[in-house]
Amino acid sequence: MLNALEVVTIVVAGVMVGVEFSVAFVMNRILNALPEDSAQLGHAHGGRMLGAVMPFWYVGSLVLVGVWAAVGWHHHGTGLVVTAGALLILSVVMSLLLLVPINNRNKTWTPETRPADWKQQLNRWERLHYVRVAVLIAAFTLLVTALA
């Protein structure tokens with residue numbers, strides 16, 4: 001049972017990390033290369049779409065890591081799993097306090113209603129997102145290492 005839980009956790013968390021990596025290093029670059037109105041509309045649509053899905057994915061990954069740590073408490077690598085869980089908690093706290101407020105504003109903007117500083121707000125979101133992606137990659141690396 002523990003082996004199946006480890007695999008499911010790594011797949012779920014790994015795909016989540018891949019999506020966030022793709023947002024940072026692929027999607028945002030594509031959107032930012034579009035004409036101004038299209039770029040802003042694309043960011044708003046992405047914020048609505050991923051903003052609806054990612055909370056469940058983050059919480060689901062965190063729950064799976066918690067169950068792995070509890071079930072495998074006396075197994076090799078549990079310290080790495082617990083540390084990965086702490087990093088996932090950090091990513092959730094970062095999201096709630098720093099990224100979600102910007103995203104909640106961004107997803108309602110249109111070319112007619114966006115604030116004058118919309119680009120600066122999106123640039124701040126992107127910088128914070130890079131940090132979050134680094135935290136997620138570290139957590140994922142710890143989970144994979146815990147299997148060894």
Shared hydrophobic cluster for Leu34 and Met27 (ILVMFWY, side-chain gaps under 4.5 Å): no
Heavy-atom pair with the smallest gap, counting every atom of Gly77 and Ala146: O-CB, 3.5 Å
Derivation of the side chain to side chain contact (heavy atoms under 4.5 Å, CB included) call for Tyr58 and Leu136: CA-CA 10 Å; Tyr58 273 79; Leu136 291 171; 3.3 Å; yes
Spatial distance of atom CG (Leu87) from atom CG (Leu62) [nearest 0.5 Å]: 11.0 Å
Test log, rule side chain to side chain contact (heavy atoms under 4.5 Å, CB included), inputs Leu88 and Met16: CA-CA 11 Å; Leu88 289 175; Met16 179 184 72; 4.2 Å; yes
Side chain to side chain, Leu143 and Val81, heavy atoms closer than 4.5 Å: yes
Reported CG-to-CZ distance for the pair Asn104 and Arg48, which is rounded to 0.5 angstrom: 12.0 Å
Side-chain (Ser91) to main-chain (Arg132) donor-acceptor, under 3.5 angstrom: no
Any donor-acceptor pair under 3.5 Å from Gln40 side chain to Trp109 backbone: yes
Single-linkage hydrophobic cluster Val12~Phe140, side-chain heavy atoms < 4.5 angstrom: yes
Ile137 backbone acceptor or donor facing Thr141 side chain under 3.5 Å: yes
Nearest-0.5 Å distance that lies between atom CG in Leu99 and atom CE in Met54: 11.5 Å
Single-linkage hydrophobic cluster, 4.5 Å side-chain cutoff, Val100 and Leu128 together: no
Closest approach of Ser95 to Pro101 (non-hydrogen atoms, all atoms of both residues): O-CD, 4.0 Å
Over 12 non-hydrogen atoms of neighbours within 6.0 angstrom of CZ in Arg124: no
Minimum heavy-atom distance between Thr110 and Leu41, given as atom pair plus value: CA-CD2, 4.5 Å
Atom pair CZ (Phe25) and CD1 (Ile30), whose distance is rounded to the nearest 0.5 Å: 14.0 Å
Verify same cluster id: Val92, Phe21 (apolar side-chain graph, 4.5 Å): yes
Side-chain donor/acceptor of Asn106 to backbone N/O of Leu122, under 3.5 Å: no
Parallel, tilted or perpendicular, as decided by the 30° and 60° cut-offs, for the rings of Trp125 and His129: parallel
Rounded distance (nearest 0.5 Å) linking atom CZ of Arg114 with atom CZ of Arg105: 16.0 Å
Minimum heavy-atom distance His75-Thr78, with the two atoms named: O-OG1, 2.8 Å
Atom of Pro55, atom of Gly51 and distance for their closest heavy-atom approach: CD-O, 3.2 Å
In one Ile/Leu/Val/Met/Phe/Trp/Tyr side-chain cluster, 4.5 Å: Trp73, Val63: no
Sidechain-backbone polar pair: Asn32 side chain, Asn28 backbone, donor-acceptor under 3.5 Å: yes
Side chain to side chain contact (heavy atoms under 4.5 Å, CB included) assessment of Val131 paired with Leu98: CA-CA 11 Å; Val131 174; Leu98 303 172; over 6 Å; no
Heavy-atom side-chain contact between Val8 and Trp68 under 4.5 Å: no
Distance (rounded to the nearest 0.5 Å) between Met1 CE and Glu6 CD: 10.5 Å
Considering all heavy atoms, the nearest Ala13-Ser61 contact: CA-OG, 3.8 Å
